[in-house]
Amino acid sequence: QVQLVESGGGLVQAGGSLRLSCAASGRTFGNYAVGWFRQAPGKEREFVAAINRVGSYTNYANSVKGRFTISKDNAKSTVYLQMNNLKPEDTAVYCCAAVQSPFNVGPATRYDYWGQGTQVTVSS
């Protein structure tokens, strides 16, 4: 079992930046691959980005490619999502999810653990 806690959300203007953090409990975070998802009101959950357990592979949704960067610091048991050039359509609750897996991950991965989410609001 692993517990995930997101932080770093807030209100920014279009074109601004935020860095989200996903902090995990336990000493075995290096065994977990992590994905970021978002959900806006009235819309379905959407895959954003994912990273494998050692941080050597990343996967991005086309809508965020070139603007967002996912990274993993196993020493700090934390995954980050650096979001640059934010757009109003990025407004959503962002959640991180983890799975104990040595494989590359993406939108079809079955994640076992989910955080509570952090709100990101981008004004025009």
Side-chain angles (χ1 to χ4, degrees):
Q1 298 287 323
V2 62
Q3 293 188 35
L4 307 174
V5 179
E6 303 95 335
S7 62
L11 173 64
V12 298
Q13 290 187 311
S17 298
L18 284 173
R19 188 176 75 161
L20 305 183
S21 297
C22 174
S25 64
R27 297 183 178 183
T28 58
F29 192 59
N31 294 331
Y32 290 83
V34 176
W36 282 97
F37 294 80
R38 66 187 183 187
Q39 187 167 24
K43 296 184 178 180
E44 64 278 3
R45 188 176 63 197
E46 177 187 20
F47 169 78
V48 177
I51 191 165
N52 71 341
R53 65 180 186 176
V54 298
S56 61
Y57 169 86
T58 58
N59 190 327
Y60 297 94
N62 289 332
S63 59
V64 307
K65 196 174 300 181
R67 299 188 297 121
F68 291 10
T69 302
I70 187 171
S71 60
K72 192 168 191 275
D73 188 338
N74 287 330
K76 295 182 178 179
S77 295
T78 302
V79 167
Y80 304 97
L81 184 68
Q82 178 66 47
M83 305 185 296
N84 297 327
N85 191 24
L86 284 161
K87 304 175 180 180
E89 51 263 43
D90 295 320
T91 295
V93 173
Y94 284 71
C95 295
C96 61
V99 59
Q100 194 170 27
S101 172
F103 304 121
N104 294 337
V105 290
T109 300
R110 294 180 61 187
Y111 299 92
D112 296 321
Y113 309 101
W114 293 79
Q116 84 291 342
T118 185
Q119 177 71 47
V120 172
T121 303
V122 184
S123 61
S124 60

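The list of salt bridge (charged side-chain N to carboxylate O under 4.0 Å, His left out) pairs with a residue in residues 62-85, not counting sequence neighbours, reads Arg67-Asp90. Residue pairs meeting the disulfide (SG to SG under 2.5 Å) criterion with at least one member in residues 46-93: none, sequence neighbours excluded. Among pairs with a residue in residues 47-56, those fulfilling side-chain hydrogen bond (donor to acceptor under 3.5 Å, both in side chains) read Asn52-Ser56, at least two apart in sequence or across chains. Counting only residues at least two apart or on different chains, no disulfide (SG to SG under 2.5 Å) pair has a member in residues 40-89. Listed by first and then second residue, the side-chain hydrogen bond (donor to acceptor under 3.5 Å, both in side chains) pairs involving residues 11-23 are Ser17-Asn84 (not counting sequence neighbours). For residues 106-116, the side-chain hydrogen bond (donor to acceptor under 3.5 Å, both in side chains) pairs, not counting sequence neighbours, are Glu6-Gln116. Applying the ring-ring contact (aromatic ring centres under 6.0 Å, His included) test to residues at least two apart or on different chains, none of the pairs has a partner in residues 48-77. Sequence neighbours left out, the pairs with a member in residues 81-119 that pass disulfide (SG to SG under 2.5 Å) are Cys22-Cys96.
In this structure, the side chain to side chain donor-acceptor pair (under 3.5 Å) partners of Thr121, at least two apart in sequence or on a different chain, are Gln119. Partners of Glu89 by side-chain contact (heavy atoms from CB on, under 4.5 Å), not counting sequence neighbours, listed by chain and number: Lys87.
When the side chains of ILVMFWY residues are joined at heavy-atom separations under 4.5 Å, either directly or via intervening members, Leu81 and Val93 end up in two distinct hydrophobic clusters. Follow the hydrophobic side-chain contacts under 4.5 Å out from Val99 and you reach Phe37 in the same cluster.
When every heavy atom of Leu18 is checked against every heavy atom of Gly8, the shortest pair comes out as CD2-O, 3.8 Å. Closest heavy-atom contact between Gly9 and Thr118: N-OG1, 3.2 Å. Taking all atoms of both residues into account, the shortest heavy-atom contact from Val2 to Ala24 is CG2-CB, 3.8 Å.
Between the CH2 atom of Trp36 and the CG atom of Leu20 there is a distance of 4.5 Å, given to the nearest 0.5 Å. Separating the CZ atom in Phe29 from the OG1 atom in Thr78 is a distance of 6.5 Å, to the nearest 0.5 Å.
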List the atom pairs, donor and acceptor, that lie under 3.5 Å between side-chain atoms in residues 43-50 and the rest of the protein, sequence neighbours left out.
from, atom 1, to, atom 2, distance (Å)
Glu46, OE1, Arg38, NE, 2.9
Glu46, OE1, Arg38, NH2, 3.4

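Between the side chain of Ser25 and the backbone N or O of Gln3, at least one donor-acceptor pair lies under 3.5 Å.
In this structure, Tyr80 shares a hydrophobic cluster with no other residue, the cluster being traced through Ile, Leu, Val, Met, Phe, Trp and Tyr side chains under 4.5 angstrom apart.
Counting only heavy atoms from C-beta outward, the side chains of Asn59 and Val105 never approach each other to under 4.5 Å. You'll find the side chain of Pro41 stays beyond 4.5 Å of the side chain of Thr91, heavy atoms only.
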